[in-house]
Structures are given as structure tokens and as C-alpha cells.
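To keep things clear, I will list the structure first and then write my remarks on it.
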There are 2 protein chains.
Amino acid sequence: MVVEASGRGQAMTGVGRRSENRTAGDGPIGAAAGTAADRAYDALRSAIVEGELAPGAPLTEVEQAARLGVSRTPVREAFARLVAAGLATERGPRTLVVSDIDADDVAALFDLRRALDEQAARLAAARVLAERTAAPGLAPTTISAAATAADEAPTAAAFRAIAERFATVTPAVLQGDDPQRHGYYALVAEFDAALDAALSTSPYLAAAIASTRVHLARVRRLARDDDARLADSAAEHGAIARAISDGDGERAAAATRLHLHEALTSIHRHLPRPGAARRAADRRPEETS
Amino acid sequence: MVVEASGRGQAMTGVGRRSENRTAGDGPIGAAAGTAADRAYDALRSAIVEGELAPGAPLTEVEQAARLGVSRTPVREAFARLVAAGLATERGPRTLVVSDIDADDVAALFDLRRALDEQAARLAAARVLAERTAAPGLAPTTISAAATAADEAPTAAAFRAIAERFATVTPAVLQGDDPQRHGYYALVAEFDAALDAALSTSPYLAAAIASTRVHLARVRRLARDDDARLADSAAEHGAIARAISDGDGERAAAATRLHLHEALTSIHRHLPRPGAARRAADRRPEETS
DNA sequence: CATGCTCTCAATGTATACATTGAAACCGTC
DNA sequence: GACGGTTTCAATGTATACATTGAGAGCATG
């Protein structure tokens with residue numbers, strides 16, 4: 001069954017197994033983690049995303065085991081997770097390499113993002129509506145149910161607050177080199193977290209979305225956005241958040257679609273190959289030079 | 001970052017690593033496979049899908065190693081894949097159990113399916129259009145380019161043929177107990193394969209879709225469809241295939257949405273808990289008898 | 001000099017031995 | 001008799017040793 005999926009562009013997984021159970025205060029850097037397999041996976045993932053391990057670089061168990069100071073067994077498990085996450089690809093029967101990522105991959109990744117993020121926006125807005133009808137006249141004075149109230153309708157409030165903070169991101173603010181950008185990306189991360197929270201009843205969708213974020217981090221590194229694009233992106237995010245907080249699913253989906261279109265366009269503008277090179281090479285026109 | 005995804009309903013992955021490289025003729029049954037890890041994974045996945053390993057059953061390395069006749073190492077890798085596929089869940093720090101699947105899970109799974117399958121239908125239809133414009137007056141007499149021609153516009157033809165075969169599936173045909181049902185499911189599998197082929201340029205989406213099919217197989221076992229539903233489902237599949245072969249993306253997406261809605265409704269009708277039990281339990285209305 | 005074969009080797013695949021850890025049973029004490 | 005501590009044990013986590021296999025270098029031969 002199931003035609004093999006072309007070659008690259010592996011899987012859509014994530015939901016870190018036992019990762020990021022950082023105890024918030026291990027060492028100077030966040031180097032230590034739970035098990036050795038977790039450390040190995042985190043280190044390798046980070047290295048791939050940061051570009052230290054270039055696309056196409058071979059991943060051998062012995063070498064990485066030596067580099068990370070663990071035995072082959074945890075490295076083996078880490079490799080398996082990398083393959084599941086799509087960050088590594090099996091080339092040949094016994095060769096594992098860092099997955100390549102080019103313009104075609106980005107386009108393919110966005111084919112998936114469109115589907116996932118639009119649905120997520122719709123569902124988040126629907127949740128806002130559901131919360132609204134569930135607790136119509138909830139006064140903040142209900143003392144004994146205060147915690148319950150905070151749990152009851154957080155979605156709208158969270159997205160409203162995030163939308164307002166996105167509104168403060170202007171090109172002028174982004175002038176300061178890295179710290180502000182980090183702040184912006186942190187804000188995006190908060191948005192993602194709010195979305196995850198809103199998708200608590202759709203864990204499959206949430207997991208699929210989470211799995212795309214690793215690849216997006218790689219893409220982000222590949223095509224550094226300029227300040228203007230970042231400001232636009234912030235505005236687009238704000239529009240999405242506002243639509244969700246209003247419970248307007250269609251507007252949220254449309255804003256998401258717009259944002260993804262702009263993001264993809266911007267990325268392709270900054271990337272080497274514009275795309276669609278393979279089909280042109282496959283065909284065999286008789287007049288090719 | 002990234003809020004942990006609720007608990008159950010893990011990941012969306014798949015793209016079998018090196019599985020199903022069956023050499024088409026190993027033994028009497030298709031029991032033998034490539035590596036021991038592949039065999040272990042296939043065996044465990046099959047056991048879980050078939051219900052031999054019930055939801056909640058603990059998965060211990062030693063026990064499964066003994067049962068499958070391999071050592072712990074391949075079993076370990078198989079477990080990792082099961083977790084990545086969402087068929088197993090880590091309960092506690094050192095306990096792996098077969099993932100549970102109930103009505104809520106099915107609803108959550110369909111939240112993902114809606115997103116993925118609609119996008120897939122749209123993209124497949126778009127591919128049909130692209131092929132049509134790429135080779136407008138392609139005559140079947142171009143001998144030297146015959147193979148190329150067969151590769152050039154297969155999408156429309158494939159879906160057209162599948163649609164016609166779906167049209168032959170009637171309630172009367174489905175009377176014969178299992179063989180006919182198998183035939184129907186084989187037809188669905190062909191549809192899936194055609195879809196995968198059409199999604200060759202969107203491998204991320206294709207992989208995500210593939211990862212949902214395992215769970216759908218479990219659901220199928222849970223809620224056996226009656227003949228009437230199967231016939232309806234065949235008609236719905238046929239409508240989707242026809243829309244794709246016509247290159248009508250919106251119609252294909254709408255037909256997909258309809259099919260998924262009907263399928264989910266039918267499943268919930270056959271499943272123990274209708275769903276949405278958690279929220280009702282969380283809330284504390286004062287007048288709940 | 002080109003070509004095919006063999007042979008070595010390095011890497012994975014597998015098995016097993018050792019370390020670690022969490023839980024449950026058991027026992028002693030209050 | 002209940003409770004707390006201790007101890008045992010079974011399971012995973014890790015390391016390493018052995019088996020297997022594919023690729024490449026090297027060599028012999030046409």
C-alpha cells in the first residue's frame with residue numbers, strides 16, 4: 001500500500017517525548033537534561049536547526065556518540081527521533097544524513113501549514129465562542145470559583161492580550177538588532193502556546209502543528225527576515241489573534257491564509273532557488289540547448 | 001515553550017522507515033521482513049490495530065522481546081516508533097502502554113483529517129489542472145514519448161477510473177460478507193495511493209496523511225460500518241475522485257468535508273461514548289439532577 | 001591500461017551485561 | 001492494628017561486545 005513519499009520531506013511528528021522537562025535551573029547553560037537520549041536528541045536537533053550540522057552531512061552513530069560523550073544506544077534513539085521528525089533522512093540502506101531543505105521543501109511544508117494553521121485558527125475561534133456561551137455572565141467576583149473562572153474563558157482574553165502586544169511591534173521597535181527580534185520571536189512563541197492551549201481538545205492537530213515548528217525554525221535561519229517583513233508579520237499575527245479572540249473563525253482562517261502567503265512569498269524572495277526546478281528537469285523537451 | 005499536548009493523542013508521523021519492502025514472496029504468510037526492528041514494529045502495530053493488544057495494556061521490553069523472539073534492542077526501537085506514531089503512550093516515567101482511543105479521540109483525529117484531506121483534495125485537483133495545461137493536445141501516438149505521456153497526466157485518468165469503480169459498489173454487492181468488504185477497502189487503499197501519487201510535490205502533507213491512516217484503521221475496527229454506510233461511503237469517495245479528476249478543487253474539498261462529516265457521524269453512532277463527556281464533567285452546573 | 005574480482009574495513013544491526021531507579025512488598029516499631 | 005522505613009526486585013537506561021553487510025580500495029588479469 002501507500003506510495004512512498006517521494007524521498008525527502010519525511011514525517012510530521014513531534015510532541016517531544018520527555019524533552020523540555022527542564023527543571024528550570026540546572027547549570028549555567030541549559031545543557032543538562034533528563035536521559036542521555038534526550039540530551040543527544042536535543043543537541044542534535046539544535047545543531048541541525050542552527051546549521052552546525054549542514055544539510056547532507058552524514059550522521060554516524062560512533063561519531064556522534066563520541067562527540068556527545070554517550071554510547072551508541074542513546075544516539076541510536078536520538079537518530080530515530082530525528083528521522084521521525086524529518087530532520088534526518090535515510091540515504092541508502094545504512095546511511096543517515098541531515099535532511100536537506102530547499103525552496104521546494106519550503107513550499108511543500110507550507111502546503112501542510114496552510115491546512116493545519118487554518119484549521120487551528122478556526123477551532124480556536126470556535127472555542128472562544130463555546131466558552132462565551134458556556135459562561136455568559138460570569139462576574140469576576142465569584143470568589144470560590146475564581147480559579148475555575150480563570151480556567152473557563154481564557155482563550156479570548158489570551159488572544160486579545162497577545163494581539164495588543166503584537167500591535168506594539170513596529171519597524172522602529174525592531175531597529176535594535178537582536179534583542180528585539182528575540183522579543184518578537186518570543187511573542188510568536190506565546191501566540192503558539194496560546195494556540196496549543198486552545199487546541200487542547202484536538203491533540204492530534206496540535207501535535208501535527210508542533211511538528212512543523214521545528215522545520216519552520218530551520219527555514220527561519222535559512223531566510224532571515226528583514227525588519228519590514230517582521231513588522232508586517234507582527235501585524236498579520238495580530239490580525240489572526242484578534243479574529244480568534246472575537247470568535248470569528250472564518251476571519252481567523254482568512255488572516256492565517258494571508259499571513260502564510262506573505263510569509264512564503266517573503267521566504268522565496270530570500271531563498272536561492274525560487275522553486276519548481278525539478279519538474280522542468282524531469283521533462284525532456286527536444287529543444288533544450 | 002510549547003504546551004504539552006494534553007496527554008493522549010500523540011503524534012502525527014509515519015512514512016514507514018524501511019518497512020513494506022516486502023520482496024513479494026518470502027514465506028507462506030507475509031511474516032518475514034527486513035530487520036528485526038521492522039518485524040517487531042510491524043508485529044506490534046498489527047497487534048495494536050487488530051486489538052490483540054488492548055488499549056491500556058502495558059508494553060514491556062522484555063515481554064515483547066520474548067514474544068517476538070528478538071532481543072530488547074529492536075523492541076526498543078519499535079517502541080520508539082510506536083510512540084512516534086501515537087499508538088503507544090508513555091504513562092509515568094517508565095511505563096509504556098497501548099494508547100487508548102475513544103470517541104473524543106476520534107473527534108480529535110477528525111479535526112486533523114478535515115484539515116489534511118481537504119487540502120489534499122484541493123492540491124490533487126490543482127495537479128490535474130496543471131497537467132492539463134502542461135500537455136494540452138497530447139496525442140497517444142507519440143511513440144518515443146509514450147512512457148513520458150503515461151507519466152505526464154496520470155492523475156486525472158487514475159481518479160476517473162477509481163471513481164467509476166466506486167460507482168459499482170452498491171449495497172447489493174456488499175452483501176457477501178468479508179471478501180467484498182475487503183475489496184471495498186482495497187479500493188479505498190487504491191484511492192489513497194492515487195492521492196499520495198498526486199501529492200508527490202507535497203511530501204510533508206502526504207506524510208501527515210499517511211500517519212493518520214493507522215489510527216483510522218483502529219477506528220474502523222472499533223466501529224464496524226454496516227453495509228449501508230459502506231455503500232454511502234463508496235458514493236462519497238466516488239464524488240471526491242470525480243471532482244479531483246475534473247480538476248475542481250473546491251468541489252473536491254467540499255465532497256471531502258461531506259464524506260468526513262458523514263463518516264464521523266456514523267462512527268459516533270456506533271461508539272460507546274458519543275463524545276464531549278469531559279467538558280460536561282468539568283463544568284459544575286448547579287442544577288444537574 | 002582498463003576491467004573485474006576479492007578482500008578488507010567501517011558502519012550498522014543485534015544481543016547481552018551492567019547501572020539505575022521507582023515501586024511494591026515486607027517487616028519492625030509505636 | 002496502623003504507619004513508616006527498609007529492602008528487594010523488576011523494569012528501563014546505558015554501555016559494550018559480537019554479527020552482518022555494503023562499499024571502497026587494492027590487486028590480479030585480459
Considering only NZ, NE, NH1 and NH2 on the basic side and carboxylate oxygens on the acidic side, decide whether B:R114 and B:D117 come within less than 4.0 Å.
-> no
Per the under-4.0 Å heavy-atom filter, residues of residues 53-60 of chain A near DNA chain C come out as A:L59, A:T60
Looking at A:F79, is A:R72 sitting on its ring face, NZ or CZ under 6.0 Å from the six-membered ring centre and within 45 degrees of the normal?
-> no
Could you check which residues of residues 61-74 of chain B get a heavy atom under 4.0 Å from DNA chain D? Sort them by number, please.
-> B:E61, B:V62, B:R72
Could you give me the CA-CA distance, side-chain angles and deciding distance for A:V70 and A:R39, then say whether side chain to side chain contact (heavy atoms under 4.5 Å, CB included) is met?
-> CA-CA 9 Å; A:V70 294; A:R39 269 184 303 155; 4.1 Å; yes
Figure out the CZ/P separation between B:R76 and D:dT12, and round it to whole Å.
-> 8 Å
B:R91 atom CZ, neighbour heavy-atom count above 12 within 6.0 Å | no
Between CG of B:L96 and C1' of D:dA10 the distance, given in whole Å, is 16 Å
Output all residues satisfying side-chain contact (heavy atoms from CB on, under 4.5 Å) with B:R67, sequence neighbours left out; order by chain, then residue number.
-> B:L44, B:A47, B:L53, B:Q64
Roughly, in whole Å, what's the span from CD in B:E77 to P in C:dT14?
-> 8 Å
Separation of D:dG13 atom P from A:R39 atom CZ, nearest Å, is 14 Å
Using a 4.5 Å cut-off on heavy atoms from C-beta on, say whether the side chain of A:L222 contacts that of A:D102.
-> no
Consider the side chain of B:R94, meaning its heavy atoms from C-beta on, and name the nucleotide among C:dT12, C:dT21, D:dT14 that approaches it most closely.
-> C:dT21
Does the cation-pi check pass for A:R113 over A:F110, that is, NZ or CZ under 6.0 Å from the six-membered ring centre and within 45° of its axis?
-> yes
Please tell me if the side chains of B:R218 and B:L87 come closer than 4.5 Å, counting only heavy atoms from C-beta onward.
-> yes
